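Throughout, protein chains are lettered first and strands after them, A, B, ... in sequence-line order, and every chain is numbered starting at 1. Everything numeric in this text was worked out from a predicted model, so none of it was measured.
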Amino acid sequence: MADTTKRLFLLDGMALVYRAHFALIRNPIYNSKGMNTSAVFGFMNTLLDILDNHSPTHLGVAFDTKEPTPRHEIFPEYKAQRDAMPEDLAKAIPEVKRLLKAFHIPVIELPGYEADDIIGTLAHQADATGEYQTFMVTPDKDFAQLVTPTTTMWKPGRKGSEVELMDVPAILSKWEIEDTSQVIDILALWGDASDNIPGVPGIGEKTAKKLIKQFGSVEKLLESTDQLKGKQKENVENNKEQALLSKKLVTIMVDAPVSTTFKDLVLDQRDDEAVKSLFTELEFNALGKRLYGNDFTAGRGHSTTASAEQPELVQAELKTLADFKTNYALVNSAAELDKLVKQLEKQDLFCFDLETTALNPRTADLLGVALSWKAREAYFVIPGKDLSPSAMLEKLKPALTSKATKIGHNLKFDLSVLLAKGLQATGPFFDTMLAHSLVDPEQRHNMDYLAESMLGYTTIKLADVAAENEAEASTQSDDLFSFAEKKKTTKKDYVDMSAIRAESLKDYACEDADITFQLAEILAEQLDTSGQSDVFYDIESPLLPVLVRIEHEGICVNRDSLTEIGHTLAKRIENLTKSIYEQAGKEFNLNSPKQLGEILFGEMQLVEKPKKTKTGQFKTDESTLSLLAPKHEIVANILEYREASKLKSTYVDALPEHICPSDGRIHTHLHQLLTATGRLASSDPNLQNIPVRSEAGREIRKAFVPRGEEFTLFACDYSQVELRVMAAISGDQAMIDAFQHDHDIHTATAARVYGVGMDEVTRDMRSTAKMVNFGIIYGISAFGLSQRLGIPRGEAAEIIDTYFEQYPAIKEFMDKTIEQAEKDGYVTTLSGRKRVLRDINSRNASIRKNAGRAAINTPIQGTAADMIKLAMIKVDDLLRKGGYHSKMILQVHDELLFDLHLEEKDELIPKIVEAMQTALPLPHDVPAKADTGMGGNWLQAH
DNA sequence: CTAACGGCG
DNA sequence: CCTTCGCCGTTAG
């Protein structure tokens with residue numbers, strides 16, 4: 001049982017030290033003697049966290065040795081390509097060992113064996129006794145193969161507390177396998193660049209998983225290559241030996257001759273004097289305090305001040321649920337719910353919060369609904385004996401579709417879940433997350449944080465609810481966190497929601513609804529004070545359900561065309577790789593800009609004075625390499641390789657992974673207030689950067705298709721919206737005239753800048769003017785323009801001067817905007833959306849200029865964002881009110897994309913165009929203009 | 001984790 | 001010395 005099980009922690013010393021070093025590579029910690037102590041510090045943090053919070057009974061740290069290992073015998077190149085260990089890091093390892101000695105923690109080393117093998121062997125032995133719960137503490141994914149019901153992987157997170165625990169179900173789901181031993185098969189195909197394990201060429205993580213899912217093991221795959229086709233077949237067949245060799249290399253030993261016994265690993269008392277002395281030497285004063293409180297006297301040098309800096313933490317006491325008399329009640333019968341709904345229907349303002357089993361709205365199941373319309377009073381509605389989940393929703397439906405304002409936190413999630421269950425909640429909505437994003441965009445917006453910072457209140461943590469509930473800690477990927485948070489936070493404290501008893505969840509859920517209700521009132525006030533009520537109530541709030549619908553609809557992608565493009569690209573990548581290796585005279589990792597730079601500029605000496613990045617690496621970006629293309633054939637090949645591999649990895653391989661199995665569509669996530677300017681952002685997958693500029697890229701765009709026979713893709717995009725906005729908010733008459741006469745703005749600008757008639761403007765003149773027009777929006781310098789146009793700087797400066805002479809109000813607008821920003825510290829868009837520019841008065845000229853450019857750009861980009869958001873609200877309204885079958889399915893900054901029903905097109909197109917053009921009337925009667933396109937795929941729709 | 005790169009508007 | 005805004009995803013180290 002849990003209380004008698006021995007808890008064995010096996011730490012992968014080298015890997016943890018390595019990781020700690022690189023985690024702090026940008027902000028290394030030095031002691032007063034100039035020693036980089038990042039790695040030691042990071043390692044100690046992890047160790048102390050385990051000792052303090054995770055009750056180990058046995059603990060040991062394994063290290064590699066310098067001796068060659070059996071892996072080197074069968075494969076001399078094993079780990080041959082590793083860069084030499086940084087000096088700082090090399091020095092850290094003996095320090096870590098000294099500390100471990102002081103802690104009386106065994107360092108386990110075995111000449112000729114790696115730390116992996118030691119850990120594998122000990123974990124295996126521990127499993128055999130049946131007495132241990134073993135934790136392999138390592139950041140290295142390879143250890144997944146060793147996970148068993150009694151041995152889990154423990155991956156330290158960024159902060160000490162954020163830990164990723166991987167047990168068998170977690171490994172199986174993460175690796176998409178049926179048995180943990182198949183991790184080895186996947187790694188064998190995939191290979192490992194850092195250990196120089198070859199794998200099979202052309203097979204990466206995804207293909208490896210797919211093949212092992214299909215065939216079960218490397219051996220079975222090799223027997224059945226007749227079932228493969230094309231390039232993949234060839235690759236596998238030609239690399240059978242290599243695959244089997246790789247399999248040997250990635251297999252961690254479980255029978256190494258380790259002499260350490262479990263008795264050696266029993267946790268022992270540390271040598272306090274030795275620890276104190278080492279901490280003092282390393283100047284780990286905070287860690288010293290942590291162990292010894294004020295008994296720890298900081299060492300010499302500057303660090304003596306540390307004890308003065310850290311008195312007992314004086315911290316405002318946070319209130320908790322226990323400090324209030326609350327009225328939180330569980331509602332689980334039809335009669336009770338009927339009574340509750342009667343009350344609810346009288347409210348014109350209430351808060352609701354769904355508790356679900358998962359974070360994907362399309363797969364999430366409803367556990368309950370928390371409701372609150374009065375501070376410290378809330379109800380948690382759950383299914384009961386005479387109340388099925390669907391009946392529960394049915395009874396709540398009138399309230400959720402009423403005219404009352406619905407408050408919630410991250411309502412996009414709740415509304416998506418409801419929509420997936422066929423319930424379209426109606427506004428107005430008040431989303432506290434959105435409100436806070438407008439009021440205080442720099443801060444985090446999760447509810448726990450808002451409760452602490454705005455109400456001085458600390459909320460119940462889901463993990464505690466689960467613990468109290470004595471539910472077995474589960475690592476299922478189900479939790480309540482929002483999508484946005486999911487990716488950014490380490491998977492911690494995964495909670496199997498359905499294992500929590502309703503009674504336990506009640507306080508948690510009610511508290512959320514209660515707190516959110518209270519936050520809304522404060523935030524409404526703050527919106528008002530910051531002048532952003534209009535943008536909140538007129539734009540962001542009504543946009544919210546529109547985004548929910550767009551995400552819900554999704555977009556169709558033709559999987560087969562992507563597969564075909566993938567084959568073509570793979571072939572091209574392979575041929576180019578061959579040529580490049582030949583031209584370079586050696587093989588290297590083409591995906592590494594570092595290695596590529598060293599080849600081109602270090603070895604091949606392509607130019608005398610190569611450009612460098614700010615970190616001192618050779619620059620190898622497209623604009624740098626393009627200039628070098630004439631010098632050597634290799635450059636063109638590299639550029640082509642870059643293009644092909646970008647397209648393959650980012651689009652062709654990734655998009656199919658996002659196709660939803662139940663409806664065959666891709667449902668992107670649209671983030672409403674993530675950007676500084678008010679634009680939307682798209683992720684998982686990002687559908688706002690689907691290729692269009694290059695020929696090869698456009699093939700990918702063709703794979704986006706209508707949802708059915710009777711539909712077509714229809715795109716409606718604003719023409720030159722940002723320049724129109726700039727003309728309008730600057731009030732520049734010349735530019736306004738150009739738009740009012742519907743002139744081509746770049747031609748009109750060229751005519752003015754070059755002093756010729758519109759009909760005398762050449763292609764080159766127009767293209768230069770176009771560059772200047774866009775450059776101006778971004779605050780370009782003469783230098784920047786000269787680079788882009790490939791002209792001398794003086795000439796560029798002249799063009800810019802003439803531009804401002806011709807459009808004087810634009811110059812004025814730019815100066816005034818910066819002046820305003822300097823004075824107020826922020827700029828605004830036409831709708832009142834605010835962006836704070838902290839750096840606008842920086843003493844550092846470069847930083848200050850950057851902020852200045854953002855100051856100019858924000859009102860322009862942000863107002864354009866306001867406009868299309870308003871258009872989306874309008875268009876959504878007209879589609880729904882008119883009962884059309886056509887659906888809005890995407891926004892790409894200045895474009896709206898629709899699945900248009902063929903029978904509706906003649907009627908709808910003019911209405912959509914009209915809605916877009918009139919969504920936000922610009923000052924000075926500058927007209928907005930929308931162009932349209934239609935076709936059987938997204939490319940044709942333009 | 002950050003940097004470099006490159007896809008889009 | 002730096003030098004064009006706003007994003008997201010992939011890869012390497």
Side-chain angles (χ1 to χ4, degrees), chain A residues 18-27 42 82-83 86 139 157-159 193-194 204-205 487-488 490 589-597 613-625 639 642-643 645-651 653-655 668-669 671 674-694 696-697 700-701 717-718 720-722 771-772 774-788 793 796 835 844-862 864-865 868 891-895:
Chain A
Y18 236 94
R19 185 175 179 283
H21 176 80
F22 284 108
L24 292 171
I25 197 83
R26 282 293 128 208
N27 294 301
R82 282 245 170 125
D83 286 340
R158 273 166 275 167
K159 294 177 197 155
S194 67
E205 176 180 359
K487 273 184 48 191
K488 310 297 182 213
T490 325
N589 187 344
L590 258 171
N591 294 322
S592 163
K594 186 178 143 108
Q595 292 184 32
L596 176 64
T613 67
K614 61 181 169 186
T615 54
Q617 311 263 329
F618 294 116
K619 276 199 89 158
T620 66
D621 64 0
E622 203 265 349
S623 73
T624 307
L625 292 189
L639 289 170
R642 280 253 176 94
E643 185 192 8
S645 65
K646 170 86 178 179
L647 295 177
K648 187 161 185 297
S649 66
T650 308
Y651 304 103
D653 294 345
L655 286 173
T668 185
H669 294 123
H671 307 278
L674 188 132
T675 64
T677 55
R679 273 190 177 181
L680 296 184
S682 156
S683 75
D684 307 291
N686 183 354
L687 293 187
Q688 289 181 323
N689 73 343
I690 299 303
V692 70
R693 294 173 190 173
S694 78
I700 292 164
R701 199 166 266 242
D717 64 298
Y718 282 119
Q720 311 298 353
V721 64
E722 294 195 349
M771 206 79 86
V772 181
F774 284 124
I776 292 290
I777 293 175
Y778 303 140
I780 201 172
S781 63
F783 175 89
L785 186 65
S786 72
Q787 288 283 298
R788 238 141 256 268
R793 200 164 141 174
R835 176 176 185 183
N844 180 323
S846 166
I847 293 177
R848 187 177 60 245
K849 281 183 183 168
N850 256 320
R853 288 190 292 271
I856 292 168
N857 182 253
T858 297
I860 301 171
Q861 189 183 111
I868 194 161
Q891 184 249 50
V892 191
H893 309 307
D894 66 354
E895 165 186 355

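- The side chain of A/N850 places no N or O atom within less than 4.0 Å of a non-bridging phosphate oxygen (OP1 or OP2) of C/dC2.
- The listed nucleotides are B/dG7, C/dT3, B/dG6; the one nearest the side chain of A/E622 is B/dG6.
- In this structure, CG on A/L655 lies 10.0 Å from CG on A/N686, to the nearest 0.5 angstrom.
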For this session: Step by step, work out the side chain to side chain contact (heavy atoms under 4.5 Å, CB included) result for A/N857 and A/I777.
Result: CA-CA 6 Å; A/N857 182 253; A/I777 293 175; 3.5 Å; yes
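- The side chain of A/D894 lies closest to B/dG9, out of B/dG9, C/dT3, C/dT11.
- Between B/dA4, C/dG9, C/dA12, one nucleotide has an atom nearer to the side chain of A/Q617 than all others, and that is B/dA4.
- Closest to the side chain of A/T677, from the set C/dC7, C/dG6, B/dG7, is C/dG6.
- Distance CD1 (A/I777) to P (C/dC5): 13 Å, rounded to an integer number of Å.
- Using C1' as the reference atom, C/dT3 and B/dT2 are 23 Å apart when rounded to the nearest Å.
- A/R853 places its CZ atom 9 Å from the P atom of C/dG6, with the value rounded to the nearest Å.
- Residue A/K646 places a side-chain atom within donor-acceptor reach of the base of B/dG6, judged by atom type and a 3.5 Å distance cut-off alone.
- Counting to the nearest Å, the P atom of C/dG6 and the NE2 atom of A/H893 are 13 Å from each other.
- Taking only side-chain nitrogens and oxygens, A/N689 never comes nearer than 4.0 Å to OP1 or OP2 of C/dG6.
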Exercise. Between A/R693 and A/E643, is a salt bridge (Lys or Arg N to Asp or Glu O under 4.0 Å) present by the stated rule, with each step listed?
Worked result: CA-CA 12 Å; A/R693 294 173 190 173; A/E643 185 192 8; over 6 Å; no
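- Here A/D894 pairs with nothing under the salt bridge (Lys or Arg N to Asp or Glu O under 4.0 Å) rule; sequence neighbours left out.
- Following rounding to the nearest Å, A/I776 (CD1) and C/dG6 (C1') show an atom-to-atom distance of 18 Å.
- OP1 or OP2 of B/dG7 has not a single side-chain nitrogen or oxygen of A/R693 nearer than 4.0 Å.
- The side-chain heavy atoms of A/R793 and A/Q787, taken from C-beta on, include no pair separated by under 4.5 Å.
- Between A/S649 and C/dG9 there is no side-chain N or O to OP1 or OP2 distance below 4.0 Å.
- Under 4.0 angstrom from either OP1 or OP2 of C/dC7 there lies no side-chain N or O belonging to A/Q861.
- Remark: the backbone N or O of A/F783 is paired with a side-chain donor or acceptor of A/S786 at under 3.5 angstrom.
- Counting non-hydrogen atoms under 4.0 angstrom, A/A654 reaches the backbone sugars and phosphates but no base.
- Note on A/S592: a side-chain N or O is less than 4.0 Å away from OP1 or OP2 of C/dG13.
- Rounding to whole angstrom units, CD of residue A/E643 and P of C/dG9 are separated by 21 Å.
- Atom CZ in A/R848 sits roughly 13 Å away from atom C1' in C/dC1 (whole-Å rounding).
- Summarising the geometry, the separation between OH on A/Y778 and P on B/dC8 is reported as 13 Å, rounded to the nearest angstrom.
- Residue A/N857 contributes atom CG, which lies 16 Å from atom P of B/dG9 at whole-angstrom precision.
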For this session: Determine, step by step, whether A/V892 and A/L687 satisfy the side chain to side chain contact (heavy atoms under 4.5 Å, CB included) criterion, reporting the C-alpha distance in whole Å, the side-chain angles of both residues, the deciding distance to 0.1 Å, and the verdict.
Result: CA-CA 8 Å; A/V892 191; A/L687 293 187; over 6 Å; no
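- For B/dA4, one of the phosphate oxygens OP1 or OP2 lies less than 4.0 angstrom from a side-chain nitrogen or oxygen of A/T613.
- At a threshold of 4.0 angstrom between heavy atoms, the contacts of A/I690 are confined to the sugar-phosphate backbone, with no base atom among them.
- Across all strands shown, A/S682 has heavy atoms under 4.0 Å from sugar-phosphate atoms exclusively, and none from any base.
- In terms of phosphate contacts, A/R835 brings a side-chain nitrogen or oxygen within less than 4.0 Å of OP1 or OP2 of C/dG6.
- Taking the P atom of each, C/dC2 and B/dC5 are spaced 16 Å apart, rounded to whole Å.
- Among the nucleotides C/dC8, C/dT3, B/dC8, the one closest to any side-chain atom of A/R793 is C/dT3.
- Nucleic acid contact for A/T620: sugar-phosphate only, since backbone atoms but no base atoms lie under 4.0 Å from a heavy atom of the residue.
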